[in-house]
Amino acid sequence: MAKTKVLERKPLTFSEKTYIPQIASGLAATFVNMFKKSVTLEYPEVRPVIPENYRGVPTLVKDPKGRVKCVSCQLCEFVCPPKAIRIKPSEIVDEESDRAHIEKEPAAFDINMLRCIYCGLCQEVCPEEAIFLQDSFSLSGYTREEMVFGKEKLLKLGGTLPDNHFKWDKKKSAEENTEKDH
Amino acid sequence: MGEVKEVSVGDIGSRAAEADPEFKAETMALNVGPSHPSTHGVLRLMMQLDGDLIKECEPVIGYLHRGDEKIAENMTYNQFIPYTDRLDYLAPLSNNVAYAMAVEKLANLEVPDRCQAIRVICCELARISSHLLGVGVYGMDAGSWTVFMYTFTEREKLYTLFEELTGARFTTSYTRIGGVARDIPDGWLGRVDTFCKGVLPILNQVDKMLTRNRIFMDRTVGIGVISKEKALSYGMTGPNLRAAGVDLDLRKDKPYLGYENYDFEVPIGLNGDCYDRYLMRAEEIKQSVGIIRQVIGSFPEGPYYAEDAKKIFAPPKDKILTSMEELIQNFMLVTEGPQMPKGEVYFEAENPKGSLGFYVVSKGGGVPYRMKIRGPSFCNLSILSELLPGHFLTDITVILGSLDFVMGECDR
């Protein structure tokens, strides 16, 4: 048997029936609120504080050495619930890159911002920390085509984020070390 | 058109009509909705009116049908979580929790204490947010705009808290099968506590403005009375059922998430009218605040996800980046989905609007074979065709407001 609480109600008193206490308390509430600080924000002049880990627009990021982190494993494309991401993988053709002929990078990376629901699953599954939902939240465009963001635009939006792991440098130095040992 | 049902009420019009058939006016068909501010979404009501009196009412639903149940069959268990946000979109966090718990019941998985505590806070904050909107909009439906302003200011603070916790204000997608998406941020519990302190004076203010307000009482007392038997026979749940006097609360009756450890009361109404449903929501906010304070008081340490469920919950991110085994595990989880045993399971949770149930049929693997969602708003709305006849046209807004339904959940 659940512990219950019965909602009682009392009949209105005479003074309450005259509406007068209600009018008085209503006026009092208005008067008090006149001197309170406003709770609204003059958007867009004043911007709201965006907390850390906010799920805004998904972007592609570069590591501090200016390399594209995405290796086009297509895991985000797979997990995306509304199927907003399209990736075309290709080899790294730039000969000067230290990852040329080893790893892949996306030839095309499109996110349809009209389909995206900002759920953050892509960021969560990414094994390279290459896709991040950052703090911008208001997008606009004149056409539907304009709202399909390509690789360049996503990289520009994303910028550079600090990297704690430098996965590829570690892998490379480990490889070099084993070569030395042999 | 079918035969018009005669409803005897003590109003002048129908008394006159009974006395002399000559006076009997023709009934008028009136359509309200699907886009009408008082229908809180896309509900359509087809009515037969005798003057101002509703003779017949047929609710038409399905305008927000998206086929969520079918969508669930085509994706892994974790991918469906964003879709649960969009069921009862006024309390997405509690939908997330209910869904995750249903799938965990299928996997026979226990989440750690800390995860349970986080989920309880989420559920109760979602309840407060939903009821704040329920009370505020209800006040607005009855003609009191001020109450809406007060409750929405509080709700805004709550949404800031959700934003910090989950990364989004509205579509939270916070739970995962076997845990939650991320741990609580630093100092978040303190801010929740501050919010709880702040919401009670606002409730008192609302109480002052509405509860003993004669205008509000005239419009709600004795209107839309639902008896105990009728509420049960229509399968109503949640505050609407409890306002009718049935003390059914799944948090007490079938405790989950450790609700049995917290001390709270289940408010029940005596009359089951619109006024009782308002009192019910206001009281439930107070009870939820009490529960949250108890959780914060004894907040457990430990992991926020089930660590022993390797085939269900993703490994930690820094492991994925550095270790091959975890990387493969991550790939398997995303592409195959969390591995579930064969079986069928039904789980109901006490959501702000009533009991939200998920019936999951699994044939093994990471994708459900069939998913059935029991939306409380759907059952709560089914009583409309019996509840509305006999009331005046102006009572529709008040009755609909008092039922506090969400069409996203009703139509799914």
Side-chain angles (χ1 to χ4, degrees), chain A residues 1-13 16-19 21-23 25-26 28-30 32-33 36 39-41 48-56 73-76 78-83 117-121 123-129 133 137 163-167 170, chain B residues 71 75-76 78-83 85 146 150 153 156 160 163-164 166-168 171 173 176 181-182 185 205 208-209 211-215 217 221 242-243 247-249 252-253 263-271 275-276 279-280 283 287 314 317-318 320-322 327 330-331 333-335:
Chain A
M1 193 62 200
K3 203 164 121 191
T4 55
K5 179 181 183 181
V6 177
L7 298 168
E8 305 274 355
R9 64 172 90 157
K10 290 182 211 123
L12 289 172
T13 60
E16 278 170 333
K17 276 184 191 164
T18 60
Y19 300 105
Q22 282 304 319
I23 294 171
S25 79
T30 316
V32 168
N33 272 295
K36 276 192 186 158
V39 292
T40 49
L41 206 67
V49 182
I50 302 292
E52 218 181 314
N53 294 327
Y54 179 75
R55 301 203 318 250
C73 70
Q74 294 174 295
L75 212 53
C76 51
F78 192 91
V79 82
C80 183
K83 302 273 172 260
I117 57 170
Y118 309 103
C119 63
L121 285 181
Q123 178 184 338
E124 200 172 296
V125 302
C126 181
E128 297 286 333
E129 291 194 322
L133 273 73
F137 53 86
D163 194 327
N164 297 326
H165 295 284
F166 281 111
K167 188 173 167 178
K170 268 185 203 158
Chain B
I71 289 172
M75 48 177 57
T76 65
N78 271 329
Q79 273 177 300
F80 189 64
I81 285 165
Y83 288 87
D85 292 340
T146 326
Y150 276 103
T153 311
E156 177 59 37
T160 316
E163 196 179 20
E164 271 180 68
T166 69
T171 47
S173 310
R176 297 288 177 272
R182 51 172 97 139
Q205 184 72 36
K208 250 193 238 165
M209 282 188 289
T211 311
R212 306 294 291 168
N213 187 331
R214 193 180 157 191
I215 305 170
M217 285 181 85
V221 174
R242 290 194 285 276
D247 62 339
L248 186 128
D249 188 325
K252 286 274 187 201
D253 298 341
D263 178 41
F264 64 99
E265 288 168 331
V266 179
I268 55 168
L270 287 175
N271 305 48
Y275 187 66
D276 261 351
L279 292 177
M280 172 65 56
E283 180 58 36
Q287 298 295 339
K317 191 85 185 195
D318 56 330
I320 295 177
L321 290 164
T322 49
L327 181 70
N330 183 46
F331 266 81
L333 253 174
V334 174
T335 50

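Here is the naming used below: chain letters follow the sequence lines, and residue numbers restart at 1 for every chain. These numbers come from a predicted model, not from an experiment.
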Colleague: Identify which part of B:Met217 has an atom lying under 4.5 Å from any heavy atom of chain A, answering side chain, backbone, both or neither.
Modeller: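 Only the side chain of B:Met217 comes within 4.5 Å of chain A.
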Colleague: Quick one: what part of B:Ile215 sits under 4.5 Å from any heavy atom of chain A, side chain, backbone, both or neither?
Modeller: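 Both the backbone and the side chain of B:Ile215 come within 4.5 Å of chain A.
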Colleague: What are the two closest non-hydrogen atoms of A:Gly56 and A:Tyr118, and how far apart are they?
Modeller: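 Taking A:Gly56 first and A:Tyr118 second, the nearest heavy atoms are O-CD2, 2.9 Å.
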Colleague: For B:Glu156 and B:Thr153, run side-chain hydrogen bond (donor to acceptor under 3.5 Å, both in side chains): C-alpha distance rounded to whole Å, both residues' side-chain angles, the deciding distance at 0.1 Å, then the answer.
Modeller: CA-CA 5 Å; B:Glu156 177 59 37; B:Thr153 311; over 6 Å; no
Colleague: Can you say whether B:Phe80 sits under 4.5 Å from chain A via the side chain, the backbone, both, or neither, judging by heavy atoms?
Modeller: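 Neither; nothing under 4.5 Å.
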Colleague: Among B:Arg214, B:Met209, B:Glu265, which has the most heavy-atom pairs under 4.5 Å with chain A?
Modeller: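 Most heavy-atom pairs under 4.5 Å with chain A: B:Arg214.
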Colleague: Please classify the contact of B:Glu164 with chain A as side chain, backbone, both or neither, using a heavy-atom distance under 4.5 Å.
Modeller: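 Both backbone and side chain.
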Colleague: Decide, yes or no, whether a salt bridge links A:Glu124 with B:Lys317 under the criterion of side-chain N to carboxylate O below 4.0 Å.
Modeller: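 Not counted as a salt bridge, because no side-chain N and carboxylate O are separated by less than 4.0 Å.
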Colleague: Examine whether an atom of A:Leu121 lies under 4.5 Å from a heavy atom of chain B, and if so say whether it belongs to the side chain, the backbone or both; otherwise answer neither.
Modeller: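 Side chain of A:Leu121 only, per the 4.5 Å heavy-atom cut-off to chain B.
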Colleague: Which atoms of B:Arg242 are under 4.5 Å from chain A, going by heavy atoms: the side chain, the backbone, both sets, or neither?
Modeller: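 Neither; nothing under 4.5 Å.
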Colleague: Give, for atom OH of B:Tyr150 and atom OG1 of B:Thr146, the distance between the pair rounded to the nearest 0.5 Å.
Modeller: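 Reported value, rounded in 0.5 Å steps: 7.5 Å.
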Colleague: Taking all non-hydrogen atoms of both residues, which atom of B:Arg176 and which atom of B:Ser173 are closest, and how far apart?
Modeller: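 It is NH1-O, 3.0 Å.
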Colleague: Please rank B:Lys208, B:Met280, B:Met75, B:Glu283 by heavy-atom pairs under 4.5 Å with chain A and give me the top one.
Modeller: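 The answer is B:Glu283.
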Colleague: Using 0.5 Å steps for rounding, measure from the CZ atom of B:Arg182 to the CG atom of A:Asn53.
Modeller: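 The CZ atom of B:Arg182 sits 4.5 Å away from the CG atom of A:Asn53.
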Colleague: Which atoms of A:Val39 come close to chain B, meaning under 4.5 Å heavy atom to heavy atom: side chain ones, backbone ones, both, or neither?
Modeller: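 Contact with chain B involves the side chain of A:Val39 alone.
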Colleague: Which one wins on heavy-atom pair count under 4.5 Å against chain A: B:Leu279, B:Val334, B:Ile71?
Modeller: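 Looking at each option in turn, the highest pair count goes to B:Val334.
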Colleague: Give the member of B:Leu333, B:Thr166, B:Thr211 that has the highest number of heavy-atom pairs under 4.5 Å with chain A.
Modeller: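 Most heavy-atom pairs within the cutoff with chain A belong to B:Thr166.
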Colleague: Rounded to the nearest 0.5 Å, what separates atom OG in A:Ser25 from atom CD in B:Gln205?
Modeller: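 Here the rounded value is 7.5 Å.
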Colleague: Examine whether an atom of A:Cys80 lies under 4.5 Å from a heavy atom of chain B, and if so say whether it belongs to the side chain, the backbone or both; otherwise answer neither.
Modeller: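 Just its backbone gets close to chain B.
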Colleague: Taking side chain as everything from C-beta outward and backbone as N, CA, C, O, which of these in B:Asp263 sits under 4.5 Å from a heavy atom of chain A? Side chain, backbone, both or neither.
Modeller: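 Side chain of B:Asp263 only, per the 4.5 Å heavy-atom cut-off to chain A.
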Colleague: Let me know if A:Tyr54 has heavy atoms under 4.5 Å from chain B in its side chain, its backbone, both or neither.
Modeller: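 Interface part for A:Tyr54: both.
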Colleague: Is the NZ or CZ atom of A:Lys5 positioned over B:Phe264's six-membered ring, under 6.0 angstrom from the centre and within 45° of the axis?
Modeller: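 Output no; distance or angle outside limits.
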Colleague: Run A:Val125 and A:Phe78 through side chain to side chain contact (heavy atoms under 4.5 Å, CB included) and show every step you take.
Modeller: CA-CA 10 Å; A:Val125 302; A:Phe78 192 91; over 6 Å; no
Colleague: What part of A:Gln123 gets closer than 4.5 Å to chain B, counting heavy atoms only: side chain, backbone, both or neither?
Modeller: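 For A:Gln123, the backbone is the part near chain B, not the side chain.
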Colleague: Just by distance, do the side chain of B:Asp276 and the backbone of B:Leu270 share a donor-acceptor pair under 3.5 Å?
Modeller: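 Yes, B:Asp276 side chain to B:Leu270 backbone: donor-acceptor pair under 3.5 Å.
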